[in-house]
Amino acid sequence: MSLSEWGWKPFFQQQLSLEELESLAPGRVVEQHRSQLLLGTENASIALAVTPALPALTVGDWLLLDRGNHFARALERASLFSRKAPGSKAQEQLIAANVDVVFIVSSLNQDFSLSRIERYLALANDAGAEPVVVLTRLDCCDDPHFYLQQAQSLNPLLVVEAVNALDAESVAPLNDWCAPGQTVAFLGSSGVGKSTLINTLMGEARLATGGIREDDAKGRHTTTQRSISMMPRGGLLLDTPGMRELQLADCEDGVSATFADISALARQCRFADCQHESEPGCAVQAALANQELDARRLGNYRKLMREQALNAATLAERRAGDRKQRKFHKSVQSAARQQKKGL
C-alpha cells in the first residue's frame with residue numbers, strides 16, 4: 001500500500017526535514033495491543049514493541065522509523081480523540097489519532113439519548129473531525145422520523161443518517177465519507193450496532209456481533225481492541241471499543257462548539273460572568289422562558305462544562321505532580337553522581 005492509501009497527507013509531509021526524508025520511513029499505527037503496535041508502511045507491516053521509552057501513542061498515529069525499523073519520533077497529530085481514563089485514576093486516555101470523519105452511532109430504540117450524542121459531538125468538535133450521526137436499527141423502528149428530527153434539532157447543519165446496519169443498500173449513503181485515504185472512526189456506547197455496521201461497510205464479517213438485552217435495549221460489548229482496516233472503497237475504518245464511561249477532559253472549545261446556540265446567547269447576557277441562573281439581563285434564561293431553548297439541552301451543557309472543567313483540573317494537578325516527582329528524582333540522581341565524583 002502507498003502512504004496516501006494509509007492516509008498520508010501534506011500535513012504530515014511538511015513535518016519532515018530533508019534529512020528525515022532521506023533516512024527515515026513513515027509508518028502508521030494500524031493496531032494497538034498491550035505489548036506491541038502494528039504499523040502499516042509502504043513496504044510491509046511492522047510490529048513495534050511497546051516500551052517505556054516510547055511516547056504515549058494510539059491507533060492512527062504516524063511515526064518515523066529508521067532503516068532498522070526502530071522508532072525515531074512521532075509526528076504531530078492532525079486530530080486526537082482522548083478522554084479521562086475510566087475509574088478514579090487521574091490520567092488521560094488516548095482513543096484515536098488523525099481521524100477525518102467520526103460516525104457517532106446511536107440506536108433507534110429506548111437507548112437513544114440526545115445528551116449522549118451531544119457528549120460525543122463535543123469530543124468530535126474538540127478533536128477537529130467531521131461528525132456524522134448514524135442512527136441504527138432502522139428495520140426495528142416504527143417511527144424513525146421522530147428520532148431523526150430530534151437529532152437534527154441539535155444543529156441544522158449536522159449530518160444525520162438512519163440506516164439498517166444489516167442492509168448494504170441502506171448503509172450506502174455512508175460511503176460518501178469513506179473515500180480513499182479518508183480515516184473514519186466510530187464512537188458510540190456498547191450494543192448500538194457499531195460492529196454490525198462495520199461488517200456491512202467492509203462487505204464481510206470482520207467483527208463479532210452481539211444481541212441486545214430485551215429489558216433495556218442495551219447491547220453487549222464485542223470489540224476488544226482498536227484497529228484500522230481498509231474498506232472496499234479505499235477508506236480507512238478505525239474501530240474503537242464501546243465506551244460506557246466516557247468522561248470529557250479539557251475540551252471547553254468542543255462543548256462550546258456543540259452548544260453554539262447557547263454560546264451565542266451567552267454573549268448577549270448583560271454580565272460577562274453570567275452564570276445563567278437568575279442574573280438580570282440573562283439572554284439564556286430569556287430564551288428558556290420564551291421556549292426558544294430546551295431545558296434539557298441547557299442542563300446537559302452545564303453538566304458537560306462542569307465535567308470537562310473538573311477533569312481538566314484533575315489532570316493538570318496530576319501532570320504538575322508528575323513534573324515535581326521527576327524534578328525530585330533528577331536532583332537525587334545528580335546528588336548521587338556528585339557524591340560518586342567526590343569519592
Side-chain angles (χ1 to χ4, degrees), residues 81 96 99-121 123-125 129-180 182-214 216-223 227-243 246 258:
F81 287 89
V99 173
D100 299 303
V101 178
V102 56
F103 288 151
I104 298 173
V105 187
S106 183
S107 298
L108 290 166
N109 56 26
Q110 58 263 43
D111 194 43
F112 176 88
S113 169
L114 285 176
S115 295
R116 189 183 301 126
I117 292 174
E118 287 169 338
R119 179 179 291 266
Y120 284 112
L121 282 171
L123 275 175
N125 286 324
E130 180 185 0
V132 176
V133 175
V134 182
L135 305 179
T136 61
R137 307 193 191 282
L138 177 61
D139 53 317
C140 301
C141 181
D142 295 329
D143 188 10
H145 295 289
F146 169 76
Y147 295 100
L148 283 165
Q149 290 174 354
Q150 286 195 71
Q152 195 68 70
S153 70
L154 299 179
N155 186 335
L157 300 179
L158 181 64
V159 178
V160 183
E161 297 282 353
V163 303
N164 171 7
L166 292 168
D167 183 358
E169 185 175 345
S170 177
V171 170
L174 301 183
N175 288 326
D176 292 341
W177 289 276
C178 304
Q182 286 287 99
T183 301
V184 180
F186 282 70
L187 291 176
S189 57
S190 299
V192 295
K194 294 193 303 297
S195 295
T196 302
L197 185 58
I198 288 171
N199 287 340
T200 301
L201 284 170
M202 296 296 294
E204 58 181 337
R206 284 287 190 93
L207 301 175
T209 59
I212 60 173
R213 300 194 296 259
E214 295 295 335
D216 58 5
K218 293 183 180 296
R220 299 174 178 84
H221 173 56
T222 54
T223 305
S227 62
I228 288 179
S229 302
M230 179 67 70
M231 290 185 279
R233 291 177 176 267
L236 297 161
L237 190 149
L238 191 155
D239 185 39
T240 62
M243 293 170 287
L246 185 64
T258 300

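All values below were derived from every heavy atom in this structure, side-chain atoms included, with hydrogens, water molecules and symmetry-related copies excluded.
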Test side chain to side chain contact (heavy atoms under 4.5 Å, CB included) applied to F186 and L238, step by step
CA-CA 7 Å; F186 282 70; L238 191 155; over 6 Å; no

If every non-hydrogen atom of [X] is compared with every non-hydrogen atom of [Y], which pair is closest and at what distance?
X	Y	result
F81	A129	CZ-CB, 3.8 Å
M230	M202	O-CE, 3.0 Å
M231	L201	SD-CB, 4.5 Å
S189	Y120	N-OH, 3.3 Å
S107	G191	OG-O, 4.2 Å

Without placing hydrogens or testing angles, list every side-chain donor-acceptor pair under 3.5 Å for residues 146-154, not counting sequence neighbours.
| from | atom 1 | to | atom 2 | distance (Å) |
| --- | --- | --- | --- | --- |
| Q152 | NE2 | N155 | O | 3.0 |
| Q152 | NE2 | P156 | O | 3.2 |
| Q152 | NE2 | L158 | O | 2.7 |
| S153 | OG | Q150 | O | 2.4 |

Is there a side-chain contact between L138 and L108 (heavy atoms, below 4.5 Å)?
yes

Indicate every side-chain donor-acceptor pair of residues 160-168 with a distance under 3.5 Å to a residue at least two apart or in another chain.
| from | atom 1 | to | atom 2 | distance (Å) |
| --- | --- | --- | --- | --- |
| N164 | OD1 | L166 | N | 3.1 |
| D167 | OD1 | E169 | N | 3.0 |

Nearest 0.5 angstrom please: [X] [atom1] to [Y] [atom2], how far?
X	Y	atom1	atom2	answer
T258	N125	OG1	CG	4.0 Å
I228	L236	CD1	CG	6.0 Å
I117	F112	CD1	CZ	4.0 Å
L237	C178	CG	SG	7.0 Å
S227	I198	OG	CD1	8.0 Å
D111	R137	CG	CZ	9.0 Å

Report yes or no: does K194 contribute a side-chain atom to a donor-acceptor pair with the main-chain N or O of G188 at less than 3.5 Å?
yes

Mark yes or no for whether T136, through its side chain, and V192, through its backbone, hold a donor-acceptor pair below 3.5 Å.
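It does hold such a pair.
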
Could you pull out all residues at least two apart from Q182 that satisfy side chain to side chain donor-acceptor pair (under 3.5 Å)?
none

May I have the step-by-step check of side chain to side chain contact (heavy atoms under 4.5 Å, CB included) for L121 and I104, ending in yes or no?
CA-CA 8 Å; L121 282 171; I104 298 173; 3.6 Å; yes

